[in-house]
Amino acid sequence: MGRRGLDCLPMATLEKLLHDRLASAFEAVAGTPAPPTVHRSQYADFQADGALALARQLGRKPRDIAADVVRHAQLDDLCASVEISGPGFINLTVSEGALAPLLAEMSRGERLGVPLVASPDTVVIDYSAPNVAKEMHVGHLRSTVIGDAAVRVLDWLGHRVIKANHLGDWGTPFGMLIEHLLDIGESEAAHELSLGDLNSFYKAARVKFDADDAFKERARRRVVALQGGDKLTLRLWHLLVDASEKYFMAVYDRLDVCLTEKDFFGESFYNDMLQPVVSELDRLGLLRESEGAKVVFPAGFTNREGEPLPLIVQKRDGGFGYGATDLAAIRYRTQELEATRLLYVVGLPQRQHFEMVYEVAREAGWLRPPARAQHVGFGSVLGPDGKMFRTRAGDTVKLVDLIDEAVARAAALVKEKNPDLDEAERAEVARMVGIGALKYADLSNDRNKDYVFDWKRMLSFEGNTAPYLQYARARILSIFRRGGVTPARDLATITVSEPAERALAIELLAFEDVVTGVAESLDFHRLAVYLYGLATAFTAFYERCPVLRAEGEVRENRLALCDLTARVLARGLGLLGIGAPDRM
RNA sequence: GCGCCCGUAGCUCAGCGGAUAGAGCAGGGGACUUCUAAUCCCAAGGCCGCAGGUUCGAAUCCUGCCGGGCGCGCCA
């Protein structure tokens, strides 16, 4: 094979290679750098549209410009054909000779052609954030699942990732919670909380608080004691926090997310930093008095009367607002942890609050470039009726109930479709399929939008679902089992010639671009859509190109394509926090 | 009143300025002595909320409306 030239190139994706070659040609023709705008096409493998944009600037016909570009471009080692079509589109058909070494290269390493980043960020990801003594619900599902995917993608690319579970472990509700704990006794409280019966514990405290003035007064005094550092009160507070953390960890384990005990950075963690934050804001001249409270007016925010909108850092009663905690967290993360990227996986309704916090942090100098903050917002989960997802009684849906039902439904499906699996394997497959379906339903939708929760659709083996992707991979592994083969990963080239093989190859080679794009945008549904497209390309290949019945090099190359597909599917799902069973 | 998000096929969703707007589901028609039919193939289905604007080119960018959701001082 006379393709040495390609082997010597630095790692690059197919699309980038085409882009670079065309960019030089465009520059030569235009006299200045001009974007080739290369993208996938339905008319060829890729198309470049840059000539159209140059027509006016150069005062020439776009088709002539395109022809000129093609003359200048060095594409013969990459493309089998380069054609101009329509008003001046350059249609590019990639040659087998170009695909073969790129596929082989991708197959060789563990990383599937995706390099580690050259200059890693230190990324703090703020997500999940349940409240002590309160049940986790669908809102936490989104934050947890999206945050977890962010952790996995950024970590895999080589960034330094710090998980920050912003546990709600401080504030006025703890007065009533601790008093309620005292009322029912420590052991009973620990028992209820460890069972995960958080809702009834919280509700019981709430009911007493609302109905009983004496209790309310006790609760109020207890808050003061807590904030004053009273030993007994702190011990009881710890009891609540510890029990809740244990419970949350159990939920995280079942959900198969990366969070650990060490990742709890609750609000209380920042307590000692609040006063310094306020003092520093004062020293910087940013602090204002407003109706007795200490506030900051970040530039560019107004309230309903058109007046400047304040971020409250210290309340009239001397207590600190959550704005103070969020500011302290930013300062801690950029200064102590030396974070360069801050992610907040928090619902969209809190966007304005965080934009204000970021602005104040910038004004205070706690958030300077290259450090940046990104609100990874998300919409609501809707029920079948298109309204906020709730139980029939109107309560929020407990996250554990969702997990239980997902696994139970998956178990029933697996039992029905594949009775041959033994008990243990079936349970494990059901877990991966159920949890995977739950997560994938969330991640495969644009996170800025609300999405409709639908068991039937998410657990379907058809369409853009986790089970479909898992099944596609399981079928590939089944080919290897059936044939008793282990595909080679050290081929010098992986040759593709059939249209279905080529289509699959080009899809495979797009993996890097998709992953790096998602690492920036955090639009995980783009990875999901990619994986679905890959699985679709694979099934087309699977229908048309026999693998085990092929012979010689064709068989070897097809096995390698299968292997690559299976690995990309597993890796892609893995980046989304979803497991893939070998059999199902 | 101000701000944010959303509006694409009957339903659920893709579409990061490019050619004839794509999937899945549901409904219609097909394919199992075949590497897992849990899959696949075919046909049908659209004033891309409306109206302007920018552009060689707009579902995509800008402005204004309409419709839905959510925020807007001491809860987080």
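The shown structure was predicted, so the numbers you read here are calculated from the model rather than taken from an experiment. So you know, we letter chains A, B, ... as the sequences are listed, proteins then strands, and number each from 1.
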Short side-chain N/O contact to B/G69 OP1/OP2 from A/Tyr451, under 4.0 Å: no
A/His525 side chain near B/G15 phosphate (N/O to OP1/OP2, under 4.0 Å): yes
Steps toward side chain to side chain donor-acceptor pair (under 3.5 Å) verdict (A/Asn464, A/Ser444): CA-CA 8 Å; A/Asn464 189 10; A/Ser444 60; 4.8 Å; no
Syn/anti state for B/G7 [syn: chi within 90° of 0]: anti
May I ask you to check whether [X] and [Y] show a side-chain donor-acceptor distance below 3.5 Å?
X	Y	answer
A/Ser268	A/Asp169	yes
A/Asp45	A/Thr93	no
A/Asp442	A/Tyr451	yes

When all nucleic acid strands are considered with a 4.0 Å heavy-atom cut-off, which category describes [X]: base, sugar-phosphate, or nothing?
X	result
A/Glu291	base
A/Thr37	nothing
A/Ala53	base
A/Pro349	sugar-phosphate
A/Leu309	sugar-phosphate
A/Asp420	nothing
A/Ala293	base
A/Gln350	base
A/Gln47	base
A/Ser444	nothing

For [X] and [N], what is the distance between atoms [atom1] and [atom2] respectively, to the nearest whole Å?
X	N	atom1	atom2	value
A/Arg473	B/U39	CZ	C1'	17 Å
A/Leu311	B/C72	CG	C1'	13 Å
A/Tyr468	B/U12	OH	P	23 Å
A/His166	B/C75	NE2	P	16 Å
A/Lys456	B/G24	NZ	C1'	12 Å
A/Met356	B/C4	CE	C1'	14 Å
A/Asp49	B/A19	CG	C1'	9 Å
A/His353	B/C72	NE2	P	11 Å

A/Ser41 side chain, from C-beta outward: closest of B/A19, B/G73, B/U39: B/A19
Parallel, tilted or perpendicular, as decided by the 30° and 60° cut-offs, for the rings of A/Trp455 and A/Phe453: perpendicular
Mutual orientation of the aromatic rings belonging to A/Phe354 and A/Tyr344 [parallel < 30°, tilted 30-60°, perpendicular > 60°]: tilted
Given the [atom1] atoms of [N] and [M], what is the spacing between them in whole Å?
N	M	atom1	result
B/G27	B/C35	C1'	33 Å
B/C66	B/G30	C1'	45 Å
B/C62	B/G18	P	15 Å
B/A23	B/C41	P	10 Å
B/U60	B/U54	P	15 Å
B/A9	B/G45	C1'	6 Å
B/U12	B/A26	C1'	11 Å
B/A37	B/U8	P	36 Å

Between the protein and nucleotides 5-11 of chain B, which nitrogen or oxygen pairs are less than 3.5 angstrom apart?
{"from": "B/C5", "atom 1": "O2'", "to": "A/Asn448", "atom 2": "O", "distance (Å)": "3.1"}
{"from": "B/G7", "atom 1": "OP1", "to": "A/Lys449", "atom 2": "NZ", "distance (Å)": "2.8"}

Most 5' of A/Arg56 and A/Asn464 on RNA chain B, judged by nearest nucleotide: A/Asn464
Along RNA chain B (nearest heavy atom to each residue), the more 5'-positioned of A/Arg316 and A/Gly86: A/Gly86
Centroid-centroid distance, A/Tyr43 to A/Phe89, less than 6.0 Å: no
Centroid-centroid distance, A/Tyr468 to A/Tyr471, less than 6.0 Å: no
Straight-line distance of A/Tyr127 OH to A/Arg142 CZ, nearest 0.5 Å: 16.0 Å
Heavy atoms of other groups near A/Gln275 CD, more than 12 under 6.0 Å: yes
Which nucleotides of RNA chain B pair, in dot-bracket form (Watson-Crick or G-U under 3.5 Å, | meaning another strand): (((((((..((((....[...))))..(((.........)))......(((((..]....))))))))))))....
Option passing side chain to side chain donor-acceptor pair (under 3.5 Å) with A/Arg558 (candidates A/Glu501, A/Glu498, A/Glu553): A/Glu501
Name every donor-acceptor pair, under 3.5 Å, that has one atom in a side chain of residues 291-298 of chain A and the other anywhere in the protein, sequence neighbours excluded.
none

N/O donor-acceptor pair, side chain A/Asn91 with base B/A19, under 3.5 angstrom: yes
Test side chain to side chain donor-acceptor pair (under 3.5 Å) applied to A/Asp326 and A/Tyr270, step by step: CA-CA 9 Å; A/Asp326 288 328; A/Tyr270 304 98; over 6 Å; no
Contact list for RNA chain B against residues 322-332 of chain A - heavy-atom distance below 4.0 Å: A/Tyr322
Heavy-atom check, side chain of A/Leu342 versus side chain of A/Gln374, under 4.5 Å: no
Test item: A/Phe264 and A/His166 side chains (from C-beta on) under 4.5 Å apart, heavy atoms: no
Pairwise N/O distances under 3.5 Å, protein to nucleotides 34-36 of chain B:
{"from": "B/C35", "atom 1": "O2", "to": "A/Val547", "atom 2": "N", "distance (Å)": "3.4"}
{"from": "B/C35", "atom 1": "O2", "to": "A/Leu548", "atom 2": "N", "distance (Å)": "3.1"}
{"from": "B/C35", "atom 1": "N3", "to": "A/Val547", "atom 2": "N", "distance (Å)": "3.0"}
{"from": "B/C35", "atom 1": "N4", "to": "A/Tyr542", "atom 2": "O", "distance (Å)": "2.4"}
{"from": "B/C35", "atom 1": "N4", "to": "A/Cys545", "atom 2": "O", "distance (Å)": "3.1"}
{"from": "B/U36", "atom 1": "OP1", "to": "A/Ser478", "atom 2": "OG", "distance (Å)": "2.4"}
{"from": "B/U36", "atom 1": "OP2", "to": "A/Ser478", "atom 2": "OG", "distance (Å)": "3.0"}
{"from": "B/U36", "atom 1": "OP2", "to": "A/Arg482", "atom 2": "NH2", "distance (Å)": "3.4"}
{"from": "B/U36", "atom 1": "O2'", "to": "A/Tyr471", "atom 2": "OH", "distance (Å)": "2.1"}

By salt bridge (charged side-chain N to carboxylate O under 4.0 Å, His left out) - contacts of A/Arg583 (at least two apart): A/Glu425
Donor-acceptor under 3.5 Å (A/Glu15 side chain, A/Ala510 main chain): no
